[in-house]
Each structure stands twice: as C-alpha cells, then as structure tokens.
Protein chains: 2
Amino acid sequence: MQDPYPHPEIGAVPLTEVLHALSDPLRLRILAALAAEGERGWGAFEAGVSPSTLSHHMKVLRQAGLVRHRREGTRCVVALRDEMAERFPGLLDTVLALESRTSPAS
Amino acid sequence: MQDPYPHPEIGAVPLTEVLHALSDPLRLRILAALAAEGERGWGAFEAGVSPSTLSHHMKVLRQAGLVRHRREGTRCVVALRDEMAERFPGLLDTVLALESRTSPAS
DNA sequence: TTCGATATTCGACGATCATCGAACAACGGG
DNA sequence: CCCGTTGTTCGATGATCGTCGAATATCGAA
C-alpha cells in the first residue's frame, strides 16, 4: 500500500489490455459496482476472494487505466477513471450495459 | 477440417468469453478484416503465424460466437456471425471502431 | 512507541494460453 | 485410385493467469 500508486499514462494503454481487463467476471462486477454507486473503499467489496487476490484484480484494473486508487487516511479509495471515456469512448459504457442486462443486479 | 463445424448456441456465450476473444491483437485484426471486406477464405489471411496457430485463433473466435465457418468445396470460408449483434448489441461495432482509430488500417 | 487495521508483495500452485512442427483427415483432380 | 491442397488435431514448450497464505509495509490510534 504505497502512495502514490503507479497509474499508467492513459494514452499508452492498448485496447487489447483494456479488453483483457474486462474479460473477467469479478473485475466486471467491481466496475459495475463503481459505475452504479461511485467511488468506494477498498474493503467495501464483497468479492468472495482473498485480499491478495482482490488486490491482484485491482492492480489489473489500475494498470489498464480503468480505475484510480487514492489514499484516504489509513484506507484506500477506488474510483472509475474517467479519462477512459476519452481514450476509448463508449467502450466501458457498452460493456457495463451488456453486463447488467445479461447478469441482472440482484 | 470437418463439416459441420461446431458452432455454439449464441445465447449460451458469456460476455466474458467474447471479451476474452477480443483481447488479442491478431484476432482483432481478423475481425476487422472481415468487417471491412466481408467473408473471406481461410487461406486469405496474412496473419504472420503458422497455420496451426491461425487455426487455434479461428477456433477461439468461432467458440465465442463471433465468426462462422462454412465449407465451400475444398476450402473454408470465414464470415462474421451477425447474431452477435443481437446477443451483445453494439459490442463488436464499438470495439472495431476503436481498434481502427487506434491502429489505423494501412 | 507499540499495536491493530489495511492493503500490497512474494512465492507457490495448477490452469489456461499462444505458439510451433508433425501427423492427420477430407476433399477434388488427375 | 493416388496426390496435392487445405485446415485441423495432437503433443510440447514457455508464458501468463487466478488463486491462496504468509510476510511485509504504512498509517492512525492508544
């Protein structure tokens, strides 16, 4: 948990890396939660996996330019990174819309 | 090269499987070529990989419901599978549009 | 300064992936 | 019927992935 977190230059992220980051059910659920309810404390995710695994997925999302990590006191706040909508317009919106239609939010 | 080829029920394909199929540069180029010029003989792809590798990627695309393989005499014709636009509307269009903008067609 | 809460990093493990060459199967043409 | 063309399948190999527990780092609070 260092600060600052390494975030990639958004223009340097390849499309295929973003698509790969999106191709996992858990990561998709994380993004859907962020899109629905805004930013969120790291610990507030009920992922059903160990902390180390969750940390791994967060890192994949961060390196793909999809989320930003920010330190807030002793915790970590995760938020969608809005530059993604400029880098790849429509991509995240489309995928999340399809995801919610296919696997309905409880 | 058997006939008929096994094609999945389009409704049974998970979104994450499609996204995974899309997350490879070569597969993306194959789809872009099909979208740009319509169906195409298997052998007409200049993929820069061995036939067995190309066959593998074709299989991934087929199993993800993105393309259809059809036998035509002694050859094999590959085409985009249009049911994909009903299963996941806008997904392929969005991705291909972004791909062509990011890596310009020569 | 010591302690607990919070998240990352470090092996390790089995699974999947992208790639290749070799062997194989199916078909049309001689 | 034998051949060449056309893809697929079958190991094999090295890389990456998802997962975990243990160890570690950082910060606020006591």
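Each chain gets a letter, A, B and so on, in the order the sequences are listed, and its residues count up from 1.
- The CG-P distance, from L19(B) to dC17(C), rounds to 14 Å in whole Å.
- Regarding contacts with the backbone of dG28(D), every side-chain N or O of T74(A) stays at 4.0 angstrom or more from both OP1 and OP2.
- Rounded to whole Å, the distance from CD1 on I30(B) to P on dG7(D) is 13 Å.
- Note: CZ (R75(A)) to C1' (dC27(D)) measures 12 Å, nearest angstrom.
- Between K59(B) atom NZ and dT16(C) atom P the separation is 14 Å, expressed in whole Å.
- Using a cut-off of 4.0 Å between Lys/Arg side-chain N and Asp/Glu carboxylate O, E72(A) and R70(A) are scored as salt-bridged.
- Panel note: side chain H57(A), backbone D24(A); no donor-acceptor pair is recorded below 3.5 Å.
- Between F88(B) and the options T94(B), I10(B), L15(B), a side chain to side chain contact (heavy atoms under 4.5 Å, CB included) holds for only L15(B).
- When the side-chain nitrogen and oxygen atoms of Y5(A) are compared with OP1 and OP2 of dT8(C), one or more of them lie within a distance under 4.0 Å.
- At least one donor-acceptor pair closer than 3.5 Å links the side chain of R71(A) to the backbone N or O of G73(A).
- The side chain of H69(A) lies closest to dT8(C) when the candidates are dC27(D), dA7(C), dT8(C).
- A side-chain hydrogen bond (donor to acceptor under 3.5 Å, both in side chains) check over residues 79-88 of chain A, counting only residues at least two apart or in different chains, returns the pairs R68(A)-E83(A), R81(A)-E83(A).
- Put simply, CH2 on W42(B) is 12 Å from C1' on dT5(D), counting in whole angstrom units.
- End-to-end axis angle of the helix from dT1(C)-dA30(D) to dG30(C)-dC1(D), using five pairs per end and rounding to 10°, comes to 10°.
- In this entry the distance linking CG of L28(B) with P of dA18(C) reads 13 Å, nearest Å.
- Between the T102(A) side chain and the E99(A) main chain, no donor and acceptor come within less than 3.5 Å of each other.
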Interface polar pairs with nucleotides 18-20 of chain D, N/O, under 3.5 angstrom:
unit_1  : atom_1 : unit_2 : atom_2 : d
dG18(D) : OP1    : R27(A) : NH2    : 3.2
dG18(D) : OP2    : R27(A) : NH1    : 3.4
dG18(D) : OP2    : H56(A) : NE2    : 3.3
dT19(D) : OP2    : H57(A) : NE2    : 2.4
dC20(D) : OP2    : S50(A) : N      : 2.9
dC20(D) : OP2    : S50(A) : OG     : 3.3
dC20(D) : OP2    : T53(A) : OG1    : 2.8

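- At whole-Å resolution of the value, CZ in F45(B) and P in dT8(D) are 11 Å apart.
- Between the CE atom of M58(A) and the P atom of dT6(C) there is a distance of 15 Å, rounded to whole Å.
- Residues S50(A) and T53(A) have side chains that bring a donor and an acceptor to within less than 3.5 angstrom of each other.
- Taking the ring centre of F45(B) as origin, the terminal cationic atom of R40(B) falls inside the region bounded by 6.0 Å and 45° from the ring axis.
- The main-chain N or O of S52(B) is never found under 3.5 Å from a side-chain atom of S55(B) such that the two would form a donor-acceptor pair.
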